[in-house]
S.K.: 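One structure is given below, represented as structure tokens, and several questions about it will come after.
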Amino acid sequence: MDSKFDFRQLESKLYQKWEKSGAFSPKIDKKKKPFCIIMPPPNAYDKLHIGHALFVTLEDIMVRYHRLLGEPTLWLPGADHAATASQIFFEQKLRGEGRSRHDLGRDKFNAELMTWMLEQRETMEGQLKVLGASCDWTRKKFTLDEDVSRAVVYTFKRMYEEGLIYRGKRVINWSPKSQTGLSDLEVIYQEVEGELTLIKYPLKGGGEIVVATTRPETMLGDTAVAVNPKDKRYKEMVGKTVILPLMNREIPVVADDYVDMKFGTGAVKVTPAHDPNDFEIGQRHNLEQIEVIGKDARITEAGGKYAGMKVTEARESVAEDLDKLGLLVERKKFVHSVPHSERTKEPVEQLLSEQWFVKVGPLAKPAIEAVKRGKIKMLPKRFEKIYFNWMENIRDWNISRQLWWGHRIPVYYLADDKSKYTVAFDAKVAEQELGGKVVQEEDTLDTWFSSGLWPFTTLGWPEKSQDFEYFYPTTVMETGHEIIFFWVARMIMLGLYCTGEIPFELVYFNGIVRDKENQKISRSKGNVIDPIEMVDKYGADALRMGLMMGTAAGQDTHVDEDKIRAHRNFANKIWNAARFISMQDASPQAIDKVDLTKEDKAFIKEFNGIVKQVTKEMNKYAIAQAGDTLYQYFWHQFCDVVIENSKPALYGDDDRQKSSAVATLNYILKNSLVMLHPFVPFVTEAVWQELYEGDLIVASWPK
RNA sequence: GGGCGCGUAGCUCAGUUGGUCAGAGCAGUCGGCUUACAUCCGGAAGGUCGGGGGUUCGAAUCCCUCCGCGCCCACCA
């Protein structure tokens, strides 16, 4: 053995050996309870970043631990088609080549994107291997695989038939830049210094009513003014008619509880086509919906002389015109929060659109119950509160995306009469059902719809496959807390709905990886640490330890190169301890076959205590704690004390002492390697191959 | 507006149900190329555990309050 652990030479060889040996693929044994993690699929086209490296490390530790316990262990890897991000990215790529998706058309665009994405996926998968991920590549899945897509259609169809999916015209969030609707979760609110404009609306027959708005241009689409029914100031005006300035439209004054008497003037202009709350007021009072803002964020024909203006231009123009008419009471600075697209960062428009929705209420109830009754646990527990808070106030979920890339909504319309439609697996079936030529819905599904089915579509559901029967419900879902609503909540709802069972027993939330200065790692900040570069420099074991140490479920964590380097030293320490022990000529015997010295007995007793402690910590998913226990013990007790203490015996002539020492050192080393293996799989396996029989990856956890 | 979390050595953080809990890594300091490892070994230094109050025989650990940070959800014109 060399005096240094040569990770560059050994890591990739060991990985290949593991993969070839079949150690990653579990054998189904009905007598044993399996352990299963479905990997949160990284974007197929994305290079792995440091956050991926953290989750891979944590999951791999869990998986290797359970494999060593002898449980049939499945870690199923996957790749995500990441609808919105991919389409935006690929369109940009095309633009760079002087092309656009419209040149290609839908089918060709998707075909090219698919080819490119499958290529990229190999890079991503190669990086998972570099990190040591012991996942079962024979079972890998892609979110656009044919069987997965079929399961998506199957689910959509069933939900539609049971009234859980409906089509409706609602005010939705619209991203003008990417030309698609967004779910509420894809919208972030940003504080913006704007203006609050007070406008006089003249009453027919004399008088006036003053309304306040941050968006004067939407008045073009006003179809009412609303006041609170309890508001004495306006009691007389309810039921009267207002002349909408600039448009000269007669609109009613209605009374509605939604209006807050204490805010502004207590009177609200109502624009049912461009505000979700106004939409609901409109429903209650039967108001007309006039769409004055188009999908291009410009004023429509319905906006009269303002047609064609950008909303921002119209805002000024309307205010000016009102001022000329003497109807502008005041414009004052006003800080308010404005909805923006999370992805493109531009302000979103709220406008009326026909979309497909999931009726979430009936799905949420059992999903709340499952967590309340402890069938699904979350780590840390505080996320259960966050989950309840959201689930109890959940609103219907817009699942239509106006994108080409993704699962196309399986709805077919009769070409001659689009009011007739059906949900079907393909056009032929739909044609038979509707008795005529059909066209498919243009929209695709929100990525999170298919992602919500991931824990079981990956296992072959809805077919009654062996994997599904055996591994489902899965054991652990390990993911980031930032997607608890996007993903975790949806998997629980859809899992219970589709399979009648929980999708997983435990949700383990990892934290966000930050840099030394506690900043989020992001490309724009230029503080990215490339995990693959770190592996190159210090080895995968060092990166894994550096990332994992000091983390706790739900807690953000820090990385810096120093920390990684420190653990490269640890990997080397393991290597050298083993090297020292391998240099002793006596052939090791089992500890129960040797007359142990009193001291060695004490060392073994102490070590058995460590085994108990680490096992307990691992079972609690206190992973970093277990890692720390092992680190401290191995370095500062085993190396600094036990080994040092053995030297006089090893170099002396007393055979009894010598064999006692050799047996003790080997016993502790061997079992330490097993326990350390989930954390630092490469160096431990490399050592094992030097000293012992078989493969460490399938050894047995000490008792 | 509602909810959640954090504040422990210079830095990054561990401290599970209150009693070897005052710790680790890195940085730093002093001394060592000792035949497993200088990617190492040994020694010393370093914190009134954010402030204040309370419960207790005893609190970094439980309760209250204040200060300072951060996150999530909803969105009020």
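Protein chains get the first letters and strands the later ones, always in sequence-line order, with residue 1 at the start of each.
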S.K.: Taking atom P of B:C26 as reference, at what distance in whole Å does atom CG of A:D562 sit?
M.R.: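 About 9 Å, once rounded to whole Å.
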
S.K.: Quote, to the nearest angstrom, the C1' distance that separates B:U34 from B:U48.
M.R.: 42 Å

S.K.: Between B:U20 and B:U65, how many Å separate the two P atoms, rounded to a whole number?
M.R.: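 Going atom to atom, P in each nucleotide, I get 29 Å.
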
S.K.: At under 4.0 Å between heavy atoms, what does A:D278 touch on the DNA or RNA strands: base, sugar-phosphate, or nothing?
M.R.: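 No contact.
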
S.K.: Which part of the nucleic acid does A:Y387 contact within heavy-atom distance under 4.0 Å: base, sugar-phosphate only, or nothing?
M.R.: nothing

S.K.: Regarding A:K269 and the six-membered ring of A:Y201, is the cationic atom NZ or CZ under 6.0 Å from the ring centre and inside 45° of its axis?
M.R.: no

S.K.: Which class fits the ring pair A:H567 and A:F570: parallel under 30°, tilted 30 to 60°, perpendicular over 60°?
M.R.: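 Rings of A:H567 and A:F570: perpendicular, over 60°.
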
S.K.: Which letters describe nucleotides 37-42 of chain B, given B = protein heavy atom under 4.0 Å from base, S = only from sugar-phosphate, - = neither?
M.R.: BSBSSS

S.K.: I'd like the C1' distance from B:G7 over to B:C66, given in whole Å.
M.R.: 14 Å

S.K.: Tell me whether the rings of A:Y633 and A:F638 are parallel (<30°), tilted (30 to 60°) or perpendicular (>60°).
M.R.: parallel

S.K.: Categorize A:S337 for me: base, sugar-phosphate, or nothing, with a 4.0 angstrom heavy-atom threshold over every strand shown.
M.R.: base

S.K.: Regarding A:V211, tell me which of base, sugar-phosphate or nothing describes its non-hydrogen contacts under 4.0 Å with the strands shown.
M.R.: nothing

S.K.: By the 4.0 Å heavy-atom rule, please label A:F485 as base, sugar-phosphate, or nothing.
M.R.: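 Here A:F485 touches the backbone only, sparing every base.
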
S.K.: Distance check, C1' atoms only: B:C6 and B:G43, in whole angstrom units.
M.R.: 36 Å

S.K.: Please give, in whole Å, the distance from B:C72 C1' to A:F486 CZ?
M.R.: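 Distance check: A:F486 CZ to B:C72 C1' gives 12 Å.
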
S.K.: Write down the distance separating the C1' atoms in B:G15 and B:C21, rounded off to the nearest Å.
M.R.: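 Going atom to atom, C1' in each nucleotide, I get 7 Å.
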
S.K.: Using the ring of A:F388 (Phe, Tyr or Trp, six-membered ring only), decide whether A:K372 places NZ or CZ under 6.0 Å from its centre and within 45 degrees of its axis.
M.R.: yes

S.K.: To the nearest Å, how far apart are A:K563 NZ and B:A27 P?
M.R.: 14 Å

S.K.: Pick base, sugar-phosphate or nothing for A:Y651, based on heavy-atom distances below 4.0 Å to the nucleic acid.
M.R.: sugar-phosphate

S.K.: If I take atom CZ in residue A:F509 and atom P in nucleotide B:C71, what distance separates them, rounded to the nearest angstrom?
M.R.: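 Taking CZ of A:F509 and P of B:C71, I get 19 Å after rounding.
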
S.K.: Quote, to the nearest angstrom, the P distance that separates B:G53 from B:C71.
M.R.: 32 Å

S.K.: Let's see if you can work this out: which of B:A24, B:A77, B:C4 has an atom nearest to the side-chain heavy atoms of A:K269?
M.R.: B:A77

S.K.: Can we say A:R315 and A:E195 salt-bridge, meaning some charged N sits less than 4.0 Å from an Asp/Glu carboxylate O?
M.R.: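 No.
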
S.K.: For a quick check of understanding: with a heavy-atom distance under 4.0 Å over all strands, which category does A:H567 fall into, base, sugar-phosphate or nothing?
M.R.: nothing

S.K.: Just how far, in rounded Å, is C1' of B:C76 from CG of A:L196?
M.R.: 11 Å

S.K.: Using the P atoms only, state how far B:C62 lies from B:U16, rounded to an integer number of Å.
M.R.: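 After rounding to an integer number of Å, I get 9 Å for this pair.
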
S.K.: Taking atom C1' of B:C75 as reference, at what distance in whole Å does atom CG of A:N277 sit?
M.R.: 8 Å

S.K.: With under 30° as parallel and over 60° as perpendicular, where do the rings of A:H481 and A:F383 fit, or are they tilted in between?
M.R.: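 A:H481 vs A:F383 ring planes: parallel.
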
S.K.: Provide the distance between the two P atoms, one in B:G5 and one in B:A44, to the nearest whole Å.
M.R.: 40 Å

S.K.: Report the distance from atom CD of A:Q190 to atom P of B:A74, rounded to the nearest whole Å.
M.R.: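 From A:Q190 CD to B:A74 P: 15 Å.
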
S.K.: Look through every strand shown and name the nucleotide pairing with B:A45 as Watson-Crick or G-U wobble, where both distances are under 3.5 Å.
M.R.: none

S.K.: So, the side chain of A:D628 versus the backbone of A:A624: is there a donor-acceptor pair under 3.5 Å, distance only?
M.R.: no

S.K.: Apply the side-chain contact (heavy atoms from CB on, under 4.5 Å) test between A:P229 and each candidate in A:V254, A:D256, A:D257; give the one that qualifies.
M.R.: A:D257

S.K.: Determine whether more than 12 heavy atoms belonging to other residues, nucleotides or ligands lie under 6.0 Å from atom NZ of A:K647.
M.R.: yes

